[in-house]
Amino acid sequence: MLQNRRSAMTKILLALFAALAAVGLSVTDPNDLGILKQFRDGLENPELLEWPSSGDDPCGPPSWKHVFCSKGRVTQIQVQNMSLKGPLPQNLNKLSMLQNLGLQKNLFTGQLPSFSGLSNLQYAYLDYNQFDTIPGDFFDGLTSLQVLALDSINFNASTGWSFPKGLQDSAQLANLSCMSCNLVGPLPDFLGRMQSLQFLKLSGNSLSGEIPASFQGISLQMLWLNDQQGGGMTGPIDVVTTMASLSVLWLHGNQFTGTIPESIGNLTLLKDLDLNGNKLVGLVPDSLANMQLDALDLNNNQLMGPIPNFKAAKVTCASNAFCQSTAGVACAPQVMALIQFLGGLNYPSRFVSSWTGNNPCTGPWLGLNCDNNGNVFMINIPKFNLSGTLSPSVAQLDSLSQINLASNEVNGPIPSNWTSLKSLKTLDLSDNNISYPLPKFSSTVKLVLDGNPLLNGNQSGSTPPSGGSPSSGGSLFPPGSPVNPEGSGNSSGGSKKTYFKTSTLIAIVAPVAVVAFLAFPVYFYCYKKRKDAYQAPGSLVIHPRDPSDSDNMVKIVVPTNVNGSASTVTGSGSASRNSSAFGDSHVIEAGNLVISVQVLRNVTKNFAPENELGRGGFGVVYKGELDDGTKIAVKRMEAGVLSGKALNEFQAEIAVLSKVRHRHLVSLLGYSVEGNERILVYEYMPQGALSKHLFHWKSFELEPLSWKRRLNIALDVARGMEYLHSMAHQSFIHRDLKSSNILLGDDFKAKVSDFGLVKLAPDGEKSVVTRLAGTFGYLAPEYAVTGRITTKTDVFSFGVVLMELLTGLMALDDGRPEDRQYLAAWFWRIKSDKEKLRAAIDPALDVKGETFESMSIIAELAGHCTAREPGQRPDMGYAVNVLAPLVEKWKPLDDDTEEYCGIDYSLPLNQMVKGWQEAEGKEFSYLEDSKGSIPERPTGFAESFTSADGR
């Protein structure tokens, strides 16, 4: 027995020694072995690796397939294109001697392991897999990395990602490829400082912003930034012309702007250049035409002038604004002069899209008039937000007799050769930033230079004057003409205009017409005519303008008088608290409607940047919070934009919103006028502007509006406009109804905002002539042409909003094909064709049978509202009657009554807001008058109404 036990013990010891000997003699590092086994065991199809299930020595001999070692450490894993499926071990970075990793073209899933600390890794091919996330420390410590491929991996699908700063430590990185890998945001600056980088391929992501200035001079050989989603990259392409090593440059499918720089010719090694599908403008530089390229693609830009004789082997340049269709054929001389004129003004897009062809007198060249001989005799483009300088090329237009560039932002001197224009009679450059020297024009030329702060009123000579006053100048066009329907710009009392420029504020002292001042009731009242179901909002603050609405061509109103302080500015800058002169509007001031600036500083934490809600129009909107938690929105006009137009609108908002109260019109809670401060306080519509939800919902990560919700919004707007037109004490015309002026509450109840352009409507069907204001795309044709408005002008704008609700397209978008840029015109062509209408519906909407029936009704209503003749358009009451039956989700409690509530301005601000909320449901007694129901006023109430335009 003892012998048997000794024999068994001997066998156990021998086996133990054998195992220990096997481990001791193993070539592969035990830690590396463990990670490789985790790699294999985590796969759904490990048999594809053909790694032995019992083998414990990957480094061999014989070594495992696809594994390469050095001195017992794993240095390479090459399993590309094997259809391997499953996750990777999260401790893969413990393979500390790994130099080359080829995992591309498989089906690996889950989180990509961190490569942090793999200081020996030189090549990492991870592309074409199904990883879902990439850790933030993935790139940390990859100091030897030379090649990294992450293509076609949808990392962080819901949010996207960007290269972390840890990547900049990979100083030897030469090839970085991350095409279609869900990158978002701007290119990191540090990429431009990575001097070893030679190949950068980032196509098919969601990159935005400009190419960083740090890329200047970088030694890239290949740069792919093409086909970015969500709008793409923007800005000029000048920086790429400094990359002298480039052989391939792909920038197509973005939103790059500006001209192709002449310095593009410096890229002598370039062979493949693709700029297709951007917004590049201007002439094709000679340097580009002379480049010996293998391929050049300039399609789908806004390039102008002649098509050069390119030296590239393969060239495509269709869909541009070239003057000729054949390469090497020159443009007409006056066409070239006009293109160079646009170049000085930075090629504004509206003119680039209009000035096409080789004859400015046969096409719709915006702002030009021609004589019977086919020569341009007038350049008439005032108030177009033009910037830049005046081009000497204009001197080549011998037939020019009138040039009107008033009320733009043109800077610099007048070219001296303009004095050679022998036919010139009038040159109006008023309200710009023209500077010295001034050329000496003939005495037959009427030179209008009012409102150029750098000239100090001087209109002749080449040096600044020592004294004198600005010329009244007059107008280029007679009063009553379509261009100047309201007169020459001076009031009947002879007062001068006051000019407020961004850089300089100049007050020109003049007599100011005395206007009636309104007495506003101290206590609140309610007007009641028709009651719809409504729940008072829980919080009060709105965004008066959608920050995403650039408003590039809006409110082109020229004021006749400007108040620069509390109400009226005198020569010394003193103010009168009881009078106002601001063109054709009057201001009101009474009770607690006036709020101290200090109160507003307190509730906004001194207008802290973190409380900024948005910028737009003439001011910055801040969030404010009262002591009890009630929110308010505070729109503070910026001192740099205190123009006459801005002050007119500021006071018009107060005048109108003090007199009209309706649940679908935004409420003004107060205003402040102290020193240079001009502040308006509104109720809060937390969901912001309708335009944000229609056109920008993806970028704001919002849910698209459902069709039922859109119908409710349309009905809300229609009811608000119906009240404004026909049910208020006075009838008003809004003049700027658009989706960015329609604001939404938490419950998506809609309210019309921005009453700075409101006009008092005439009685009956009469029209009133006014200066052109509003937003292109929403303007009724008779208003745009003649300046005449009625309430039907607003009806047209409402019809365009209905089209936007249906299609999800903006009213005017020069990024769309030419035949679809103007939504109203295109919609009219397709609205009666059911198939075309169905195809035009917003893709975010679920179009079903019953839904499409209601959409067809709205399409018909939109067409009715946008009829060319005002008399053929319905009134807003008709629109309400069409919309109301279609609204299913929100039904009125009582179709016969509706409350319109005011505010008790005698209370502190927080109590005033609460009182307004609580009063929404109270009953009131009424007295009838010709305009409808007016609330019976308690004893002691005073009431005095004056129209918004003084009528």
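Counting only residues at least two apart or in different chains, salt bridge (Lys or Arg N to Asp or Glu O under 4.0 Å) contacts with residues 63-83 comprise Asp32-Arg73, Glu50-Lys65.
Dense packing is recorded around NZ of Lys271, with more than 12 heavy atoms of other residues, nucleotides or ligands lying under 6.0 Å away. Surrounding CD of Glu47 are more than 12 heavy atoms belonging to other residues, nucleotides or ligands, all under 6.0 Å away. More than 12 heavy atoms of other residues, nucleotides or ligands sit less than 6.0 Å from atom CD of Gln130. Heavy-atom contacts from other residues, nucleotides or ligands closer than 6.0 Å to CD of Glu610 number more than 12.
The closest side-chain heavy-atom distance from Phe115 to Leu148 is not below 4.5 Å. Taking the side chain as every heavy atom from C-beta outward, Phe39 and Leu49 approach each other to under 4.5 Å. Looking at Val284 and Phe322, their side chains come closer than 4.5 Å, going by heavy atoms from C-beta outward. In this structure, Gln146 and Gln172 have side chains that are in contact, with non-hydrogen atoms separated by less than 4.5 Å. Side-chain contact check for Arg820 versus Leu809: some heavy-atom pair is nearer than 4.5 Å. Using a 4.5 Å heavy-atom cutoff, the side chains of Val27 and Cys69 are not in contact. Contact annotation: the side chain of Leu293 approaches that of Leu288 to within less than 4.5 Å [non-hydrogen atoms, C-beta and beyond]. The closest side-chain heavy-atom distance from Asp140 to Asp169 is not below 4.5 Å.
A side-chain donor-acceptor contact under 3.5 Å links Asp274 to the backbone of Asn276. For Asn45 (side chain) and Ser83 (main-chain N/O), a donor-acceptor pair under 3.5 Å exists by modelled atom type. Under the 3.5 Å distance criterion, the side-chain polar atoms of Asn205 are left unmatched by any main-chain donor or acceptor of Leu207. With hydrogens and angles ignored, the 3.5 Å screen pairs a side-chain donor or acceptor of Asn320 with a backbone N or O of Leu303. Judged purely by atom type and a 3.5 angstrom limit, Gln168 has no side-chain atom pairing as donor or acceptor with the backbone of Asp189. Put simply, the side chain of Gln229 gets close to the backbone of Asp227: a donor and an acceptor are under 3.5 Å apart. Ser196 places a side-chain N or O within donor-acceptor distance of the main-chain N or O of Ala171, the cut-off being under 3.5 Å. Put simply, the side chain of Arg40 gets close to the backbone of Pro52: a donor and an acceptor are under 3.5 Å apart. A donor-acceptor pair under 3.5 Å links the side-chain atoms of Asn120 to the main chain of Ser96, judged by distance alone. With hydrogens and angles disregarded, no donor-acceptor distance shorter than 3.5 Å links the side chain of Thr316 to the backbone of Asn299.
When all heavy atoms are compared, the tightest approach of Met194 to Ile218 is O-CD1, 4.1 Å. Met243 and Leu220 make their closest contact through SD-CD1, 4.3 Å (heavy atoms, listed as atom of the first residue, atom of the second, distance). A pairwise comparison of heavy atoms in Gly808 and Phe695 identifies O-CD2, 3.4 Å as the closest pair. Heavy atoms only, all atoms of each residue included: Thr143 and Ser119 are closest at OG1-O, 3.6 Å. Taking all atoms of both residues into account, the shortest heavy-atom contact from Gln302 to Lys279 is OE1-O, 4.3 Å. Summarising the geometry of Leu150 relative to Cys178, their closest heavy-atom pair is CB-SG, 3.9 Å, with the distance given to 0.1 Å.
Between Leu246 atom CG and Ser219 atom OG the span is 9.5 Å, to the nearest 0.5 Å. Expressed to the nearest 0.5 Å, how far CD of Gln228 lies from CG of Leu187 amounts to 8.0 Å. Rounding to the nearest 0.5 Å places CG of Leu705 at 7.0 Å from CG of Leu744. Rounded to the nearest 0.5 angstrom, Glu625 CD and Asn611 CG are separated by 9.0 Å. Rounded to the nearest 0.5 Å, atoms OG1 (Thr133) and CG (Leu112) are 8.0 Å apart. Atom CE of Met233 is separated from atom CD of Gln255 by 12.0 Å, given to the nearest 0.5 angstrom.
A donor-acceptor contact closer than 3.5 angstrom is absent between the side chains of Thr241 and Asn266. Side chain to side chain, Asp814 and Ser349 meet the donor-acceptor criterion of an N or O pair below 3.5 Å. Looking at Asn93 and Ser116, their side chains never bring a donor and an acceptor atom within 3.5 Å of each other.
Ring planes of Phe139 and Phe163: perpendicular class, angle over 60° (limits at 30 and 60°). Relative orientation of the Trp161 and Phe155 rings is perpendicular, given thresholds of 30° and 60° on the angle between their planes. Taking the six-membered ring where tryptophan is involved, the planes of Tyr123 and Tyr125 are essentially parallel, since the angle between them stays under 30° and well short of 60°.
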Apply the test side chain to side chain donor-acceptor pair (under 3.5 Å) to residues Ser177 and Asp151: give CA-CA distance (whole Å), side-chain angles for both, the deciding distance (0.1 Å), then the verdict.
CA-CA 6 Å; Ser177 184; Asp151 305 319; 2.7 Å; yes
Passes side-chain contact (heavy atoms from CB on, under 4.5 Å), Leu167 versus Leu191? Steps please.
CA-CA 9 Å; Leu167 178 60; Leu191 287 177; 4.2 Å; yes
Is there a side-chain contact (heavy atoms from CB on, under 4.5 Å) between Val184 and Asn156 once you walk through the steps?
CA-CA 10 Å; Val184 299; Asn156 303 349; over 6 Å; no
Would you sort out whether Thr259 and Leu283 count as a side-chain contact (heavy atoms from CB on, under 4.5 Å), showing the intermediate values?
CA-CA 7 Å; Thr259 60; Leu283 303 170; over 6 Å; no
Should Phe199 and Gln221 be marked as a side-chain contact (heavy atoms from CB on, under 4.5 Å) after you check the CA-CA gap, both sets of side-chain angles, and the distance that decides it?
CA-CA 6 Å; Phe199 301 88; Gln221 297 179 33; 3.8 Å; yes
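Shown are Leu249, Leu267, Asp297; of these, the side chain to side chain contact (heavy atoms under 4.5 Å, CB included) with Leu273 is made only by Leu249.
Considering only residues two or more places apart in sequence or on other chains, Asn100 meets the side chain to side chain donor-acceptor pair (under 3.5 Å) condition with Gln78.
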